[in-house]
Amino acid sequence: MKVLVATEKPFAKKAVDGIREIVEGADHQLALLEKYTDKAQLLEAVADADALIVRSDKVTAEVIDAAKVLKIVVRAGAGYDNVDLAAATARGIVVMNTPGQNSNAVAELALAMMIFMSRNRFTPGTGSELLGKTLGIHAYGHVGRLVGCKGKALGMEVVAYDPFITDPAVFEADGVRKVDSVEELYKCSDFLSLHIPATAETKGSIGYDLVMSMPKGATLVNTARKEVIDEEGLMRALTEREDLKYITDIAAGIQPELDEKFGKRVFATPKKMGAETAEANINAGLAAARQVIDYLTTGNTRFQVNK
Ligand code: 3PG
């Protein structure tokens, strides 16, 4: 069977070599479509693919429609908002992610972003330290938890909110203070690290009121998704509060305007780089390949997200 790896942002070579070994070792054929610039290239490559491995590549209804024999899509990574689940489900195509596999890379970037902003973006001038500051974690999944642990190692007081984790023991085990509302979280966070997925409920949910409620000098750190931000609300808050900062790994739709208006108080990486480490590529890429082969061989649907 044909396993297509379609990555507009390619995996490290070592990860591709590992994926090839797994796929060909199971007597399947590997096809690579890297750095493609046109949707038409993906539509053509996917036409006879039995399995598809992607990163943030958009697997739209059009792509699913073009994929005549597709059985499984694995998003090598956590967030699967780039895959049209309804279209896949309607065709009986299994969709999976690889939870946890690239989390450490994202967590390290979140902490690096905090240091970068508190040290004036590595430009001359007196900055501040993370030690003793309160770090708020919005959503305590794989990445959020790692950010919390690393923040604690740096001497931060870690506070977390997760609407889906009600058991206080989860937080207690990590020495993290659990709060019961999103409002409470933002109010006490000198640094707020976002780890919510982009869903119908979360899109545009972080806006003026929450940002305005943050303590003096606070920094909002976004390594999650740009869609969760209400960009106009954020802009209004940054306008009214000259002490607030925003750093993101996923440029806002209005990023040029934010950059122009707020200068050094905002920063966006040129291209999403949270999971851009060799280690994360290898972990997520190889896990995706294993999950594909396992599904094609045994029907294992452990990581299926469209059950
Ligand atoms: C994820 O959801 O796993 C991250 O956002 C990484 O995305 P990427 O594979 O496009 O770097």
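Whatever order the structure lists ligands and atoms in, that order sets their numbers, starting from 1.
What sits closest to atom 3 (O) of ligand 1 on the protein, heavy atoms only, is A78 N, 2.6 Å. Given atom 10 (O) of ligand 1, the protein heavy atom at minimum distance is S56 OG, 2.5 Å.
Note that CG of L30 is 7.5 Å distant from CD1 of I53, once rounded to the nearest 0.5 Å. Note that the CD1 atom of I22 and the CG atom of D17 stand 11.5 Å from one another [nearest 0.5 Å]. Note that NZ of K187 is 14.5 Å distant from CG of L192, once rounded to the nearest 0.5 Å.
Using 4.0 Å as the threshold, E276 has no heavy atom nearer than that to any atom of ligand 1.
A cation-pi contact, defined as under 6.0 Å to the ring centre and within 45° of the axis, links R236 to Y208.
Taking a cut-off of under 4.0 Å to the non-hydrogen atoms of A275, the atoms of ligand 1 that pass are 6 (C), 11 (O). Atoms of ligand 1 found under 4.0 Å from any heavy atom of G77, numbered from 1 in the order shown, are 3 (O).
Residue A224 has no nitrogen or oxygen atom sitting less than 3.5 Å from a nitrogen or oxygen atom of ligand 1, judged on distance alone. At least one N or O atom of G79, backbone or side chain, sits closer than 3.5 Å to an N or O atom of ligand 1.
Connection of I247 to V106 is established within a shared hydrophobic cluster, with ILVMFWY side chains joined at heavy-atom distances below 4.5 Å, either directly or through further cluster members.
Only the side chain of N102 comes within 4.0 Å of ligand 1, counting heavy atoms alone; its backbone N, CA, C and O stay farther away.
Compare R75, K9, M273 by their heavy atoms: the one nearest to atom 7 (O) of ligand 1 is in R75.
The residue from Q29, K2, H28, K71 that alone fulfils the side-chain hydrogen bond (donor to acceptor under 3.5 Å, both in side chains) condition with D50 is K71.
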